[in-house]
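Notes follow the structure.
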2 protein chains.
Amino acid sequence: MVVEGFLCSYKMLPDGERQILSFHVPGEIPDLQSLFLEKMDHALTTIAPSTIAFIPHEAVNVLLEQHFRIARILWREMLIDAAISREWIVNTGSRDAYARISHLLCELFYKLQAVGLTKGTSFNCPITQTEVADATGLSTVHVNRSVQELRGNRLIEWERGTCTILDLQALEDAAMFDLDYLHLASAGAA
Amino acid sequence: MVVEGFLCSYKMLPDGERQILSFHVPGEIPDLQSLFLEKMDHALTTIAPSTIAFIPHEAVNVLLEQHFRIARILWREMLIDAAISREWIVNTGSRDAYARISHLLCELFYKLQAVGLTKGTSFNCPITQTEVADATGLSTVHVNRSVQELRGNRLIEWERGTCTILDLQALEDAAMFDLDYLHLASAGAA
DNA sequence: CGAGGTGTTGACGATGCTCAAGGGGAGTGG
DNA sequence: CCACTCCCCTTGAGCATCGTCAACACCTCG
């Protein structure tokens, strides 16, 4: 479980490409699926100094069998992860560079807001442009140009690890962002 | 639950783009997640004449609470769906058109093989090129040209709803395909 | 026989990639 | 305290992959 910091999960392809699959913020349990899938099919790394808590499988398994309410909560969390993955398919498959990056920023903002890690529309964002490129399937050069365009349009400010959304509505419009997929309604469970 | 036929789940964007998120073959339960997520975040449709079985939520919920072994099995199935979604992110994000289509065909082949719906390396594939385009984030024109290239290289034959893989190893190489993510090992549960 | 969906082809254009180079900030070691 | 280095960001030029538009052939079905 991420206590503090920032993680991401990713896959490497034989040709050396890295595809980032998700970012993990405090409160999330990135590797819950290893409870049920024997073989891990992706890797996990920190992208900022982080504090991680390790929870033994056995402890969780006992909990799950004895308290189905807890199983429901964890199960739901995993399904939300899956919903986010689906939205990432949409992102890389159907949006252009400008919208993809906008979408990623909207997602990060709402995820961080849900755990109280935003100040107004600002948040600590230690992600590099290279990482954005690997997450969105773009080149770093093109990410850089798109980010500058977002800045030029006064949608965001983003320097030295701090990102400020200047016009959230406009950013969501550019991203064709629809909050539903994050299923935040009763996510207080996290 | 899909008894017979072919389904797909998809999302529509405000600009009219359709992104297909997954294909569902017989034996799969496409909408299991609605057990735990109040709001459906994508749509579901048939892409061939199909037979569907509907299972009431209540019936499943009772089963889950009383038999944790069954919960484990269904939970695992959902996690495999999530693993497939992650691989689709890789597909749309990091592979070129030729590899993307190859990868989709490899996936379909192995999924169908697992439920005994292949004959050698042939399988019934009612998917149109337009649907492949919507699944891979490509245009139909480009899909068509890439499919012709696959045919020209003698990797596949694909006509009138029947696809035959002529050289599975070559197709997997072209796709940078790694079977692990399907977690077929003990998927006999389906 | 007509209509609509699917596959196919050509020409042109645009989005995004590659290669290459340089600038600035932060940490390290002398 | 200053040089040095490394990582990250930035910029320009040329190019490739892939998209758009438009037209046509084929098959199936009513």
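In what follows, chains carry the letters A, B, and so on, assigned in the order in which the sequence lines appear, proteins first and then strands, with residues in each chain numbered from 1. What you are looking at is a predicted structure, and each value in this text was computed from that prediction instead of being measured.
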Identify whether [X] and [Y] are in the same connected component of the hydrophobic contact network (ILVMFWY, side-chain heavy atoms under 4.5 Å).
{"X": "A:Val2", "Y": "A:Val25", "result": "no"}
{"X": "A:Ile101", "Y": "A:Val141", "result": "no"}
{"X": "B:Ile89", "Y": "A:Leu44", "result": "no"}
{"X": "B:Leu108", "Y": "B:Ile29", "result": "yes"}
{"X": "B:Leu171", "Y": "B:Met176", "result": "yes"}

(request) Would you indicate whether the side-chain heavy atoms of B:His183 and A:Gln33 approach each other to under 4.5 Å? (result)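 No - every pair of side-chain heavy atoms lies 4.5 Å or more apart.
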(message) At 10 degrees resolution, what angle do the end axes of the helix from C:dC1-D:dG30 to C:dG30-D:dC1 form when each is taken over five base pairs?
(response)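 Overall, the helix from C:dC1-D:dG30 to C:dG30-D:dC1 bends by 40° from one end axis to the other.
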(message) Which residues pass the side chain to side chain donor-acceptor pair (under 3.5 Å) test with B:Gln129, not counting sequence neighbours?
(response)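 In terms of side chain to side chain donor-acceptor pair (under 3.5 Å), with neighbours along the sequence ignored, B:Gln129 is linked to B:Asn144.
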(message) Can you tell me how far apart OG1 (A:Thr92) and CD (A:Gln19) are? Round to the nearest 0.5 Å.
(response)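 So the OG1 of A:Thr92 and the CD of A:Gln19 are separated by 6.5 Å.
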(request) Just jot down the salt bridge (charged side-chain N to carboxylate O under 4.0 Å, His left out) partners of A:Glu4, sequence neighbours excluded, or say none. (result)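 Not a single residue meets the salt bridge (charged side-chain N to carboxylate O under 4.0 Å, His left out) criterion with A:Glu4.
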(request) Using heavy atoms to find the nearest nucleotide of DNA chain C for B:Thr130 and A:Arg100 separately, return the residue whose nucleotide is more 5′. (result)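 On the 5' side of the pair lies B:Thr130.
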Among [range], which contact DNA chain D at a heavy-atom distance under 4.0 Å?
{"range": "residues 148-161 of chain A", "result": "A:Gln148, A:Arg151"}
{"range": "residues 5-18 of chain B", "result": "none"}
{"range": "residues 137-145 of chain A", "result": "A:Val141, A:Asn144, A:Arg145"}

(request) Would you please test B:Met1 and B:Ile52 for side-chain contact (heavy atoms from CB on, under 4.5 Å) and show each step? (result) CA-CA 6 Å; B:Met1 181 179 212; B:Ile52 315 292; over 6 Å; no
(request) Would you grab the first and last nucleotide of DNA chain D (5' to 3') that comes under 4.0 Å of any non-hydrogen atom in chain B? (result)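 In short, chain B contacts DNA chain D from D:dC18 to D:dC21.
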(request) Identify the 5'-most and 3'-most nucleotides of DNA chain C with at least one atom closer than 4.0 Å to a non-hydrogen atom of chain A. (result)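 The contacted stretch runs from C:dG16 to C:dC19.
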(message) Run B:Leu64 and B:Leu35 through side-chain contact (heavy atoms from CB on, under 4.5 Å) and show every step you take.
(response) CA-CA 11 Å; B:Leu64 295 185; B:Leu35 272 174; 4.2 Å; yes
Could you tabulate the donor-acceptor pairs under 3.5 Å formed by side-chain atoms of residues 5-13 of chain A, not counting sequence neighbours?
residue, atom, partner, partner atom, Å
A:Ser9, OG, A:Ser22, OG, 2.7
A:Lys11, NZ, B:Glu87, OE1, 2.4

(request) Scan residues 103-134 of chain A for pairs that pass ring pair (Phe, Tyr, Trp, His ring centres under 6.0 Å), counting only residues two or more places apart or in two chains. (result)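 Ring pair (Phe, Tyr, Trp, His ring centres under 6.0 Å) check on residues 103-134 of chain A returns A:His103-A:Phe177, A:His103-A:Tyr181, A:Tyr110-A:Phe177.
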(message) Going by ring pair (Phe, Tyr, Trp, His ring centres under 6.0 Å), name the pairs with one or both residues in residues 32-52 of chain A, residues two or more places apart or in two chains.
(response)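 Those involving residues 32-52 of chain A are A:Phe36-B:Trp75.
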(message) Going by side-chain contact (heavy atoms from CB on, under 4.5 Å), name the residues that satisfy it together with A:Ala170, two or more places apart in sequence or in a different chain.
(response)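 A:Ala170 satisfies side-chain contact (heavy atoms from CB on, under 4.5 Å) with A:Leu155, A:Asp167 once adjacent residues are dropped.
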(request) Evaluate the side-chain contact (heavy atoms from CB on, under 4.5 Å) criterion for residues A:Glu157 and A:Arg154: first the C-alpha distance (whole Å), next the side-chain angles of each, then the deciding distance (0.1 Å), finally the verdict. (result) CA-CA 8 Å; A:Glu157 277 172 356; A:Arg154 305 300 302 149; 3.4 Å; yes
(request) Could you verify whether a donor N or O on one side chain and an acceptor N or O on the other, from B:Glu65 and B:Asn61, lie under 3.5 Å apart? (result)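 Looking only at side-chain atoms, B:Asn61 and B:Glu65 do not form any donor-acceptor pair under 3.5 Å.
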